[in-house]
**Q** 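Next up is a structure, given as structure tokens.
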4 protein chains.
Amino acid sequence: MIHRRRPDPNRRSARAQTAILKATRELIGEIGYDKMSIEGIAAAAGVGKQTIYRWWPSKAALVLDMWSPEVQQQLTFPNTGDLAADLKTQIISVIDLSNDPAFGPSFRALVAEAQHDEALASQLVERIFGPRIAAAKERLRAGQTEGQLAADIDLDLAIDLFYGGFYHRYLLRVAPLTHEHAEAVVDAVLAGIGGVPLTPPKRRRLVRARPAT
Amino acid sequence: MIHRRRPDPNRRSARAQTAILKATRELIGEIGYDKMSIEGIAAAAGVGKQTIYRWWPSKAALVLDMWSPEVQQQLTFPNTGDLAADLKTQIISVIDLSNDPAFGPSFRALVAEAQHDEALASQLVERIFGPRIAAAKERLRAGQTEGQLAADIDLDLAIDLFYGGFYHRYLLRVAPLTHEHAEAVVDAVLAGIGGVPLTPPKRRRLVRARPAT
Amino acid sequence: MIHRRRPDPNRRSARAQTAILKATRELIGEIGYDKMSIEGIAAAAGVGKQTIYRWWPSKAALVLDMWSPEVQQQLTFPNTGDLAADLKTQIISVIDLSNDPAFGPSFRALVAEAQHDEALASQLVERIFGPRIAAAKERLRAGQTEGQLAADIDLDLAIDLFYGGFYHRYLLRVAPLTHEHAEAVVDAVLAGIGGVPLTPPKRRRLVRARPAT
Amino acid sequence: MIHRRRPDPNRRSARAQTAILKATRELIGEIGYDKMSIEGIAAAAGVGKQTIYRWWPSKAALVLDMWSPEVQQQLTFPNTGDLAADLKTQIISVIDLSNDPAFGPSFRALVAEAQHDEALASQLVERIFGPRIAAAKERLRAGQTEGQLAADIDLDLAIDLFYGGFYHRYLLRVAPLTHEHAEAVVDAVLAGIGGVPLTPPKRRRLVRARPAT
DNA sequence: ATTTAACCGAGACGGTACGTCTAGTCTTGAT
DNA sequence: ATCAAGACTAGACGTACCGTCTCGGTTAAAT
């Protein structure tokens, strides 16, 4: 297997890079991720195709790069002291971003592409999902010490529960994404949905049986 | 908008149809969904390309058709009287199917394609997700009357909670899918993962009667 | 080699035959011979493709059949006693027919097709060119007995000379086809174009040396 | 009307061009013009289809290009001082070329295609027929000054007469093409084939001085 | 200050697959 | 048995992009 020689980042043309990202952003808005071709981006940016291939391994990687700033700044997790409220705030902002016509559809396309592009999949986890999950876990951990979250719960599982509903609806399109849904999810996950509260105010006590395996 | 004339299903060649589905199944196993082309399917099936285009609008639609039997027979939802156990059983069987190398990767590809193919997306909801969700809801409803599930919970939300974790890991690949995970999800969703509040907001006591398994 | 069973002409549907020829005539006028397909003719005639294939071996054969009446009635060669005048009259009528937008281009297409369709080529010679050449030869023979044409000239050669100029221009498009050209050809062929008539009225005597071989 | 952007001839790959022409020559010999496809040429030449489409508008144009050298070198018209002999020599060489199984049938196909391809028709006139006619006219003009051809004859007409017979037989296949036919045509055209008139219209005497061969 | 090595725009190249078109054959049901 | 209808196998069409490659022209560092 021959490895392509790595280009020298110091000599990279800022003009070309900017033009490529700009053209990508515009094209993705006009014709969408799937109809957009590297050929088209190069033409729109007034750039040789090779210049794109030199710096990005695929169309998806380019789009991922294009969004890094947007996603990065969404990273900070609020901490007002009220875990439920903070989770709701955060998930709602994710919903809003996913409903943004400039971001939602093309990020969806990125997730789609990652289903058959292993490199992209790890990039996504590494650069997008990983950091966000880490930030969320940190907030959850704080919640645990404050007693707002079961102390012995596995945080990865907690993430699944709080965010799984979102991805279920975002990627499968089985139901719409609303602020109310986000709030209902957080409440339900925290309170649990088992049992029949015959007399509403009286709630059950959490009895978790599994000791650490 | 010109609509292509519809072919007459009565005159459809059973031989061709069978050969196409068979070739699709084989090819998808050998080279995978993405490297498989309609051209290749036609050649492998000994069929004219037009015959494929006549009956299926896209490669994805063909693959969806190919799987309908498999998914259909997975539809029945167990009811042993123990809701938690039944949910675990069902989700575990979904996990097993998704981990089946013949099914998992190509179904993932289908979900991916649905991100930019509206027609496919609705087909998926209509033929795959819809019926399964309906079956699950029916079971949940039974659980509600038996007092194993909160009577006032929105069942679409319940579905999000029980299955969201699965899709989160299946599509985003942020963590592995195991039987243990399925069980932990069900338990956590039913019990809730909120902590013991230091301050008033009184919490419920867990009243769950595990019947003998 | 399997020979296709011959259909029974007695059971042939007159309606279908008429509709096919009519549709052919109309289509050839609208979109031209080359863009016209058997598929299209069948659709326009409200006839099954098989019905066309059953009775005609090719699109060209069908078009040839369609024109047979037109060409047939052009067959009679005038005989006013003046050979030169009759030839001019005849060639001019051929030129006019070839300049008829309904006939000229599609007959050209037929001749074109005959360049790679041996069966059509012989049909053309047999049904179109042969009879016309025979009629022309008959008239030339009469001219010979009347002393208006060299008695020992090979009539096939004579046909080449009188009509060759026409086909040269008709098929190669090297120069336009006019009535004047037809007249000039006939005059030149009869008188010959060798030598320099310094004093116009005085013309040379024909001395033909080749005795019958 | 959108005009396709023109490719840069300076960057044309000599290797590809050569391979394409070579493959065309071989294929046309093996399976003939009509069964030869651009797809097949590309495959045989080890070349992308686009590379053919980039430089040639049609299969016919490609074949025309392929033959240009052959036809070009046939261009010189002999001038031995004896017009009749030179015409015979020239026409015979044309007949021989047309009877060459490598050239004759496929050039016929080219002429056929030109009947419905205006661009090809003008290319043929411009690159093949035009130059040859010009060369012939030049020779004829020389003949006129030497008194071997009627001074007042229109040279386009003369071309029609000398070559029309050839094309009549070449394209209509009404009679075979032989050297004898070529010689008979030249003799007859120069001498004329009109009979000895019984009544006045005085006729010329043949005055032709054959120089020693 | 000049060399030299990389990047750059441009686009030709070998390929693959697309979705359409037509050829000519085969099948079905109606007349 | 013919007919209308149209599904079938086959395969070429011309287009769109892929990712690689070559070509001059232009920087920017290294001599």
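Note that these values count all heavy atoms, side chains included, but never hydrogens, waters or copies made by symmetry. Order of the sequence lines fixes the chain letters, A, B, ..., with proteins taken first and strands second; residue numbering starts at 1 for each chain. Remember, it's a predicted structure, so these values are computed and weren't measured experimentally.
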**Q** With a cut-off of 3.5 Å and sequence neighbours excluded, list every side-chain donor-acceptor pair involving residues 35-43 of chain A.
**A**
from	atom 1	to	atom 2	distance (Å)
A:Ser37	OG	A:Gly40	N	2.9
A:Glu39	OE1	A:Lys49	NZ	3.2

**Q** Using a 3.5 Å distance criterion without hydrogens, assess whether the side chain of C:Thr24 forms a donor-acceptor pair with backbone atoms of C:Ile20.
**A** yes
**Q** Just the rounded figure in Å: distance from C1' of E:dT28 to CD of C:Gln50.
**A** 13 Å
**Q** After noting the C-alpha distance and the side-chain angles of D:Leu120 and D:Ser58, does the key distance pass the side-chain contact (heavy atoms from CB on, under 4.5 Å) rule?
**A** CA-CA 9 Å; D:Leu120 172 62; D:Ser58 66; 5.7 Å; no
**Q** Ignoring backbone atoms, establish whether A:Arg12 has a side-chain N or O less than 4.0 Å from OP1 or OP2 of E:dA6.
**A**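 Answer no for this pair, as no side-chain N or O of A:Arg12 is under 4.0 Å from OP1 or OP2.
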**Q** Name the nucleic acid region contacted by B:Ser13, choosing base, sugar-phosphate or nothing; use a 4.0 angstrom heavy-atom cut-off, strictly under.
**A** sugar-phosphate
**Q** Atom CH2 of B:Trp56 and atom C1' of E:dC18: how far apart are they, to the nearest Å?
**A** 18 Å
**Q** N/O contacts under 3.5 Å, protein versus nucleotides 27-29 of chain F?
**A**
from	atom 1	to	atom 2	distance (Å)
F:dT27	O2	A:Arg11	NH2	3.1

**Q** For DNA chain E, whose closest nucleotide is more 5', that of D:Gln17 or that of C:Lys49?
**A**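 It is D:Gln17 whose nearest nucleotide is closer to the 5' end.
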**Q** In whole angstrom, give the distance that lies between atom OH of B:Tyr53 and atom P of F:dT9.
**A**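 Whole-Å distance recorded here is 15 Å.
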**Q** Measure from CZ on D:Arg6 to P on E:dG11 and round the result to the nearest Å.
**A**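 About 14 Å, once rounded to whole Å.
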**Q** Given atom NZ of A:Lys59 and atom C1' of F:dG19, what is their separation to the nearest angstrom?
**A**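 Those two atoms, NZ and C1', are 14 Å apart.
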**Q** Rounded to the nearest angstrom, tell me the gap between atom CH2 in D:Trp55 and atom C1' in E:dG14.
**A**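 Result: 15 Å.
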**Q** Residues in side chain to side chain donor-acceptor pair (under 3.5 Å) with A:Arg173, at least two apart?
**A**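 If we apply the side chain to side chain donor-acceptor pair (under 3.5 Å) test to A:Arg173, skipping adjacent residues, the hits are B:Glu118.
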**Q** Do D:Leu172 and C:Leu124 have side chains that approach each other closer than 4.5 Å (heavy atoms only, starting at C-beta)?
**A** no
**Q** Any non-hydrogen side-chain atom of B:Tyr33 less than 4.5 Å from a side-chain atom of B:Glu113?
**A**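 Answer yes - side chains close enough.
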**Q** Does any residue of residues 38-47 of chain B have a heavy atom under 4.0 Å from DNA chain E, and if so, which ones, in number order?
**A**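 Here the set is B:Ile38, B:Glu39.
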**Q** Could I get the full list of side chain to side chain donor-acceptor pair (under 3.5 Å) partners for A:Gln115, not counting sequence neighbours?
**A** none
**Q** Quickly work out the A:Arg15 CZ to F:dT26 C1' distance and round it to whole Å.
**A**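 Checked: the CZ to C1' distance equals 11 Å.
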**Q** Tell me every residue that passes ring-ring contact (aromatic ring centres under 6.0 Å, His included) with A:Trp67, counting only those two or more places apart in sequence or in another chain.
**A** A:Phe103
**Q** Distance check needed: F:dT9 C1' versus B:Ile20 CD1, whole Å only.
**A**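 After rounding, the reported distance stands at 11 Å.
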**Q** Is a side-chain N or O of B:Thr18 found less than 3.5 angstrom from the main chain of B:Ala14, in a donor-acceptor match?
**A**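 The answer is yes, because a donor-acceptor pair under 3.5 Å joins these two groups.
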**Q** Between atom CG of C:Asp34 and atom CG of D:Asp117, what is the distance when rounded to the nearest 0.5 Å?
**A**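 That separation rounds to 9.5 Å.
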**Q** For C:Trp56, give me all partners under side chain to side chain donor-acceptor pair (under 3.5 Å), at least two apart in sequence or on another chain.
**A**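 Expected list: C:Asp65.
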**Q** Name all residues meeting the side chain to side chain contact (heavy atoms under 4.5 Å, CB included) criterion together with D:Pro7; count only those two or more places apart in sequence or in a different chain, and write none if there are none.
**A** D:Arg54, D:Trp55
**Q** How do B:Ser37 and A:Thr51 order along DNA chain E: which one's closest nucleotide is nearer the 5' end?
**A** A:Thr51
**Q** Show me the side-chain donor-acceptor pairs of residues 25-32 of chain C shorter than 3.5 Å, one per line, residues at least two apart or across chains.
**A**
from	atom 1	to	atom 2	distance (Å)
C:Arg25	NH1	C:Glu70	OE2	2.9
C:Arg25	NH2	C:Met66	O	3.2
C:Glu26	OE2	C:Lys22	NZ	3.1

**Q** Taking only residues two or more places apart in sequence or in another chain, which ones pass side chain to side chain donor-acceptor pair (under 3.5 Å) with C:Ser68?
**A**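 For C:Ser68, the residues satisfying side chain to side chain donor-acceptor pair (under 3.5 Å) (neighbours in sequence not counted) are C:Arg127.
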**Q** Give each protein N/O atom lying under 3.5 Å from an N/O atom of nucleotides 29-31 of chain E, with the pair distance.
**A**
none

**Q** Of the nucleotides F:dT9, E:dC8, E:dG14, which one has an atom closest to the side chain of B:Ala16?
**A** F:dT9
**Q** For the helix from E:dA1-F:dT31 to E:dT31-F:dA1, measure the angle between the helix axis at one end and the axis at the other, each built from five pairs, rounding to 10°.
**A**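 One end's axis against the other's: 10°.
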